[in-house]
*Asks:* 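First the structure, which I've put down as structure tokens, then a few questions once you've had a look.
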Amino acid sequence: MTTAPRSPRLLLLSTVMLAVAGVALLGVPHGQEQPAPASTAHATTDPSSAATVLPGSKPTADTAASAPSVASPSSAVESALPPHGEGTASDPAIQRNLEAAWPADLPAGDERELLTTGRALLRADATGVGRVKWPEVFPDSGQAVAPAFATARFRIQAAIARRDGSPDTAVVHLVWAGMDRGGTFTDLRITDWHFTRTFQKGAATWTPQPRT
């Protein structure tokens, strides 16, 4: 039995098709991944986008490292205080910084009463003047006590009154300057006086607490 020879045209067509398929297979490397969409190519080209955090999202470690640090309110107030020895010209700046660091939280009438009493207590404690008015605070007020600071150079630079944990407790925070008995003048001294609200005959008043 004889087999008719195949058409040369059919053999040529088959050869060409096999060659094309082989070239196509050789041209694709094994494991090649598809290219990413063109729209994602610009995700990190904008420098400002690296430090941007959407509201409600948590910054990544790289974002937190590149973002500028923000100073805390307390450190900002401390850095804004004038240096020692600036004189009375620095007092308004100290007052502004105290008020910015501790916003007012007392009724205006209570704040005025506390500030008046707190200033008088500080003056009596530092210079000895007026101690007899508060025998509970100064038990030795009836005795001759040499004042620690001279009245001539004593100056209250700033003062605020704020709540101290509850509506019936308060603290007066004072910054002051004075010259001690050794002749050394120092400003930006800090003293706190604590008060409790008491009621006498139906009227509320703030009573200073002894120093501990």
*Asks:* Hey, could you give me each pair passing ring pair (Phe, Tyr, Trp, His ring centres under 6.0 Å) that has a residue in residues 172-212? Not counting sequence neighbours.
*Replies:* Trp102-His173, Phe149-Trp176, Phe154-Trp176
*Asks:* Please enumerate all residues that pass salt bridge (charged side-chain N to carboxylate O under 4.0 Å, His left out) together with Asp180, with sequence neighbours excluded.
*Replies:* none
*Asks:* Output yes when a side-chain donor or acceptor of Glu99 lies under 3.5 Å from a complementary backbone atom of Ala104, and no otherwise.
*Replies:* no
*Asks:* Can you list the residues that meet the salt bridge (charged side-chain N to carboxylate O under 4.0 Å, His left out) rule with Asp164, with sequence neighbours excluded?
*Replies:* none
*Asks:* Counting distance only, does the side-chain N/O of Arg162 pair as donor-acceptor with the main-chain N or O of Pro103 below 3.5 Å?
*Replies:* yes
*Asks:* Pairing donors with acceptors under 3.5 angstrom, does anything connect the side chains of Gln209 and Thr196?
*Replies:* yes
*Asks:* State plainly whether one hydrophobic cluster holds both Val137 and Leu174, where clusters connect Ile, Leu, Val, Met, Phe, Trp and Tyr through side-chain heavy atoms under 4.5 angstrom apart.
*Replies:* yes
*Asks:* Counting N and O atoms only, with roles assigned by atom type, does the side chain of Arg197 sit under 3.5 Å from a partner on the main chain of Pro167, one being a donor and the other an acceptor?
*Replies:* yes
*Asks:* Might you point out which heavy atoms bring Gly130 and Ala124 nearest each other, and give the distance in Å?
*Replies:* C-CB, 4.0 Å
*Asks:* Taking Leu106 as the starting point, is it possible to reach Leu115 by hopping between hydrophobic residues whose side chains are less than 4.5 Å apart?
*Replies:* yes
*Asks:* Quick one: list whatever passes salt bridge (charged side-chain N to carboxylate O under 4.0 Å, His left out) with Arg155, sequence neighbours left out.
*Replies:* Asp91
*Asks:* Not counting sequence neighbours, which residues clear salt bridge (charged side-chain N to carboxylate O under 4.0 Å, His left out) with Glu113? List them please.
*Replies:* none
*Asks:* Same hydrophobic cluster for Ile94 and Val171, using side-chain heavy-atom links shorter than 4.5 Å among ILVMFWY?
*Replies:* no
*Asks:* Enumerate the residue pairs fulfilling side chain to side chain donor-acceptor pair (under 3.5 Å) with a member in residues 116-129, sequence neighbours excluded, ordered by first and then second residue.
*Replies:* Asp125-Arg211
